[in-house]
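Worksheet for the structure shown next.
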Amino acid sequence: MASGSNAETVEITDRDADWHRFFKTRYKKELDELSREYPYKRSLYINYRDIESFGKTGTELADELLENPGKVIGDIRDSIRTHRLVKTRKKEEQPDINIRFINLPRKIAIREIRSDHIGKFISVEGILRKTTEVRPRITLAVFRCPAGHRTVKAQSYGPFVEPDGCQTDGCTQKKLELIPRFSRFVDSQKLRIQESPEGLRGGEQPQTIDLDVTDDICGIVAPGDRIVVNGILRSMQRNSYGTKSTIFDIYVECNSIEVAEKEFEEVNISEEDEREIISLSQDPNIYRKIAHSIAPTIYGVDDVKDAISLQLFGGIAKEMPDGSRLRGDIHVLLIGDPGIAKSQMLRYVVRLSPRAIYTSGQSTTSAGLTATAVKDEFGDGRWTLEAGALVLADMGVACVDEMDKMDKHDRSALHEAMEQQSISIAKAGITATLKSRCALLGAANPKYGRFDDFVPIGDQINMPPSLLSRFDLIFVLTDKPEHERDLAIAEHILKAHSVGELIAQHARDPIPGVDDEYISEQLKPVTPEIDPVMFRKYVAYAKRNCFPRLEDEAREALIAYYMKLRDLADANKPVPVTARQLEAIVRLAEASARIRLSSVIVKSDAERVITIIDTCLRQVAYD
Ligand code: ADP
Ligand code: MG
């Protein structure tokens, strides 16, 4: 265990009797298990709530753990040793047990970690972004001088510390040699977590913190996992070019890792919310309401908004009898001329999805869209696996702008990521399969920047058919001058601007006749009918509770439509019609029923989906 660098100025209380009593009444089973299985099992997990609820001293002990964790862990180990609570088979051996704590009541956000927390026991939640290989780290270094004396020096996380010279009295040797054989090592791994997307509002950049993990909890998590980390916040002095700085870096000396898996748990839905959601779902205009709540400042593109509505609600993932898995997530691609609000749309979707991230294909992080394994300074020479956007968006929506500009590595990895929803990495010491169960909303420009009227659309899409066929819907958006539409867009944009101006002016200097009612009337065309907070709850509620099944009439309509597409299919089309399309049709129909919170997919769902797919296919075919 790394030792703390912070002076602990808390009154020292002898806790031996308290802990002994605690272990005598609780954790008997766990301690016996350790006795039997040591050294294969060498961690004792203690539930924080058990300490807290332990009689009169419970809260005191619990508080002491949070304030002065180093002492508490030491007390517990002493108590276990003194009273021989773990009896190993070899009588003389003193078992070296890790004391780990789980289930802490308060979690602190990464961006709220401050110097006050240094040396304290904290609990942080995040999504795992980077993991290194598991490699031994020296904890106790034994040196030998040329005269044969031994010098022992404890090591902690960070730089290796060498003694000034031989520590034996009277010996003046300076040159010491490390003897690994007598030194002590522990398995170690470095991790980096970042704030999860649902904790961020309005496109903030997520913040990160590094973790030092040792012994039996190394190698148990993979990038993309959502974890709760409990541990002690440590600081380490910055060192640039041999000069010590007054600035310190922080990291968490990890005590335990809990893996959180539940989807949308973060979204709290009250009973009142539930009533509102159910009443919305019964509104005959719900489809229009939902579409109009997506980026209301963007005029037109109603078909795209309809598609995004379906994407947000999603289809249902299915486990097949043969063990394979069929994705429920709907992938949508927008290819179009510059300046038609593609990027705007993507950014808005991030606000509407309970769990979404925005990134550009030309991403600045090395991990790009999928994942990479690199050897860099993060891992101090170890290989590091870093999760890209699709892994970080697991169980959510990945909004990828400028997809045409992604690099070759991503392009090939994307095939697996989109269809199997996993990413396999095998490089050097790292083999891993990361999960990427997300819906992809991509935006791309045509090959030559703008669509050219005289070249077939298919030749202007800079993506291989194998990749295109993985999208459930592809929209081709051209920006041809069209008098009426242009006028409407211009009016719509200026409306938003002038209302904005009006509000700002009114705030500076109240305008007579302008009140809240007047402003909300003016804002109507650019205000979402369902506000983003409610929207997220609606989506989360539907995904949690609604799993519609196909009704016969709808099934027949969908099959007939698919057969028609196959008959018309032409292998030279940029987007061939394959069996994937049938799966896409079903997914879209499921999403359509989900918007109504309906348990059956009916004919009108089939018709809605057919209309949308037809629009997409027509855009690719003619124009
Ligand atoms: P793209 O990513 O397609 O190149 P952007 O999303 O950057 O385009 O949009 C450019 C600007 O034009 C944005 O400020 C957007 O609000 C505006 N804009 C484009 N089309 C529309 C539209 N139909 N309605 C409202 N604003 C629009
Ligand atoms: Mg753009």
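Atoms within a ligand are numbered from 1 in the order they appear, just like the ligands themselves. Note that the structure is a prediction, hence the values are computed from the model and not measured.
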Considering only heavy atoms of Ile298, which atoms of ligand 1 have at least one such atom less than 4.0 Å away?
-> 22 (C), 23 (N), 24 (N), 25 (C)
So, is the end of the Arg544 side chain (NZ or CZ) under 6.0 Å from the ring centre of Tyr541 and within 45° of the ring's axis?
-> no
Near Thr297 (heavy-atom distance under 4.0 Å), the atoms of ligand 1 are 24 (N), 25 (C)
Looking at Gln344, Glu402, Arg347, the heavy atom closest to atom 16 (O) of ligand 1 belongs to Gln344
Got the closest protein heavy atom to atom 23 (N) of ligand 1, with its distance?
-> Tyr299 O, 2.9 Å
Would you say the side chain of Leu597 lies within less than 4.5 Å of the side chain of Ile277, judging by non-hydrogen atoms?
-> yes
Donor-acceptor under 3.5 Å (Tyr287 side chain, Ser592 main chain) = yes
Does the protein put a heavy atom less than 4.0 Å from atom 11 (C) of ligand 1?
-> no
Arg596 versus Val602: any side-chain heavy-atom pair under 4.5 Å?
-> yes
Which is it for Ile340 and ligand 1 at heavy atoms under 4.0 Å: side chain, backbone, both or neither?
-> both
State whether the number of non-hydrogen atoms from other residues, nucleotides or ligands found under 6.0 Å of Gln282 atom CD is greater than 12.
-> yes
Who gets closest to atom 4 (O) of ligand 1 by heavy atom: Gly300, Ala490, Gly339?
-> Gly339
With a 3.5 Å cut-off and no angle check, do the side chains of Asp273 and Ser270 form a donor-acceptor pair?
-> yes
Between His492 and Tyr299, what is the ring plane arrangement, given parallel below 30°, perpendicular above 60°, and tilted in between?
-> tilted
Under 6.0 Å from the six-membered ring centre of Phe547 and within 45° of its axis: does the NZ or CZ of Arg594 meet both?
-> yes
Please identify which atoms of ligand 1 are closer than 4.0 Å to at least one heavy atom of Pro338.
-> 4 (O)
Strictly under 2.8 Å, is any N, O or S atom of Asn445 next to the Mg ion (ligand 2)?
-> no
Heavy-atom donor-acceptor pair, Lys342 side chain to Leu334 backbone, under 3.5 Å | no
For Ile493, the ligand 1 atoms whose distance to one of its heavy atoms is below 4.0 Å = 25 (C), 26 (N), 27 (C)
Nearest-neighbour protein heavy atom for atom 8 (O) of ligand 1, which is reported as residue plus atom name and distance | Ala341 N, 3.1 Å
At under 4.0 Å between heavy atoms, which part of Asp401 makes contact with ligand 1: side chain, backbone, both or neither?
-> neither
Check: of Pro296, Ser343, Ala444, min heavy-atom distance to atom 7 (O) of ligand 1 comes from Ser343
